[in-house]
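Read through the structure below, which is laid out as structure tokens, and then see the notes.
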Number of protein chains: 2
Amino acid sequence: MRKKRTNDPEGMRRRVLDVAEDAFQARGYHASSLGDLMAAAGVTGGALHHHFPTKKALALAVIEERVAAAVRETWIKPVLAAPSAREGVRAVFEAVAAELEQPGYVRGCPLNNLAHELSLADDEFRLALARVFADWRQAIADKIRADQRDGEEGATDPERFAALTVAAYSGAMSMAKASQDAAVLRECLKGLESFELPPSQGQLTVKRRRRVLLRSKIG
Amino acid sequence: MRKKRTNDPEGMRRRVLDVAEDAFQARGYHASSLGDLMAAAGVTGGALHHHFPTKKALALAVIEERVAAAVRETWIKPVLAAPSAREGVRAVFEAVAAELEQPGYVRGCPLNNLAHELSLADDEFRLALARVFADWRQAIADKIRADQRDGEEGATDPERFAALTVAAYSGAMSMAKASQDAAVLRECLKGLESFELPPSQGQLTVKRRRRVLLRSKIG
DNA sequence: TATAAAACAGGACGATCACCCTGTTTTGAG
DNA sequence: CTCAAAACAGGGTGATCGTCCTGTTTTATA
């Protein structure tokens, strides 16, 4: 029998990133050995080294391609698509909380996990992680500004709202991970919701805001 | 020349914990080797092994003795000593921000650093870390309840306020570490302050609250 | 002072890790 | 087909890590 092999560089790269993303979130960067990743992905050392010359290069790819994409899918897109920033934030919090409540470990936010472990270890890591945070915050702030252009939101400071939202979410995920309980996420959401509203602006205006979707030119 | 030696078990243990606390915060648990710690503390392998049979035991001691104490000193004591929970929270945020703004790396919150790296690695780690978080939150919630007994704070939900405060702080420290900039801490504080106030309760009542200190039986 | 336990010294060991190197196979361009 | 480059295989290597082990010194107790 002759040996057959089909080269699939993109697929192999994808499989490596898949298991690396998973392992880095579940066990962290330093606790995940390349041997583990090779075994999990069914990849040889030669192939791994061909696509990612160093472990650091692999981690950078995970951050820039996977973690950034996860933040985009989980947070940025839903918030931008929501009728308002506040409703979007609320929807994301609840979606994540619901996801954490079904069986399985609470693994925490992948961005925060890597941010804590790698921010101080290497400046390239730090910058890549800071960029993801910045994009995340800016998307929320932009959404607030869009709401304001539509006559909503009053004088809410966009950057302040975005910073508080991202911080509260990150910190809540931190505690949820330590306590293995998503309840704190819901608590923080309620806290944000009950305090967030600027005075003289009730939630009565929340309802008929479907127009926003029509008027905003969604990119 | 005869060799002299003075046994100082407590001092040696303290020195090891000092460097371990520092290294775990600056570089993380896995990135800190026992060899590094031994060199930094000027301690031999035998002595280290005598006081801490495993690296895990050392980390647990750091969490239970040093990290918990740091949270107590940085957060719990100042908040309990403040005229009100809100003022205490504000004071801590500003103190930490001011500390981060002077030269030197922003190293982040020691509790969060270890929580992210070790929560999922080991259940003993996780429980120890969750306990610190819980004590932290409970202290703030208790302070809110004390304020309410003194006729302040209206209907603020103590647990909700505490969860949001701790989460916002933790998340803000996360971002501050990644961006090496304490500005986000101040942003989050402003966000907490502007949204936090329950309606129909201005900050006019803030001033004459010195009585609280007298009436509460401080433990 | 006698003696056992605690405190400390320092090297050794096996395991593991990230990386590299030498080959082999596949692929695509000419 | 030719052939060079890309893709992949797989073992090797030096370094490092956490732990353990055998001694030696100090200390507490009687």
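We name chains A, B, ... by the order of the sequence lines, and we start the count at 1 in each one. Every value quoted in this text rests on a predicted model; they were computed, and no experiment measured them.
Looking at B:Leu185 and B:Met173, their side chains come closer than 4.5 Å, going by heavy atoms from C-beta outward. Side-chain contact between A:His49 and A:Thr44 is absent, with no heavy-atom pair separated by less than 4.5 Å. The closest side-chain heavy-atom distance from A:Phe161 to A:Arg86 is below 4.5 Å.
With B:Gln148 contributing its side chain and B:Thr156 its backbone, the two residues share a donor-acceptor pair below 3.5 Å.
When rounded to the nearest whole Å, the span between CE of A:Met12 and C1' of D:dA7 equals 9 Å. The nearest whole Å value for the distance from the CG atom in A:Asn7 to the P atom in C:dT26 is 8 Å. A straight line from CZ of A:Arg15 to P of D:dA7 spans 15 Å, rounded to a whole angstrom.
Sorted by residue number, the members of residues 25-40 of chain B with any non-hydrogen atom under 4.0 Å from DNA chain D read B:Ser32, B:Ser33, B:Leu34. Contact check of residues 45-67 of chain B against DNA chain D (heavy atom, cut-off under 4.0 Å) returns B:His49, B:Thr54, B:Lys55.
Applying the 6.0 Å contact sphere to CD of A:Glu99 captures no more than 12 heavy atoms from other residues, nucleotides or ligands.
Remark: the A:Asn112 side chain and the A:Lys177 side chain contain no N/O donor-acceptor pair separated by less than 3.5 Å.
Sorted by first and then second residue, the pairs that involve residues 94-119 of chain B and meet ring pair (Phe, Tyr, Trp, His ring centres under 6.0 Å), not counting sequence neighbours, are A:His116-B:His116.
Evaluation of atom-type donor-acceptor distances gives no pair under 3.5 Å for the side chain of B:Arg5 against the base of D:dT26.
For B:Lys55 and B:Tyr29, the positive end sits near the middle of the six-membered ring, less than 6.0 Å away and at most 45° from its axis.
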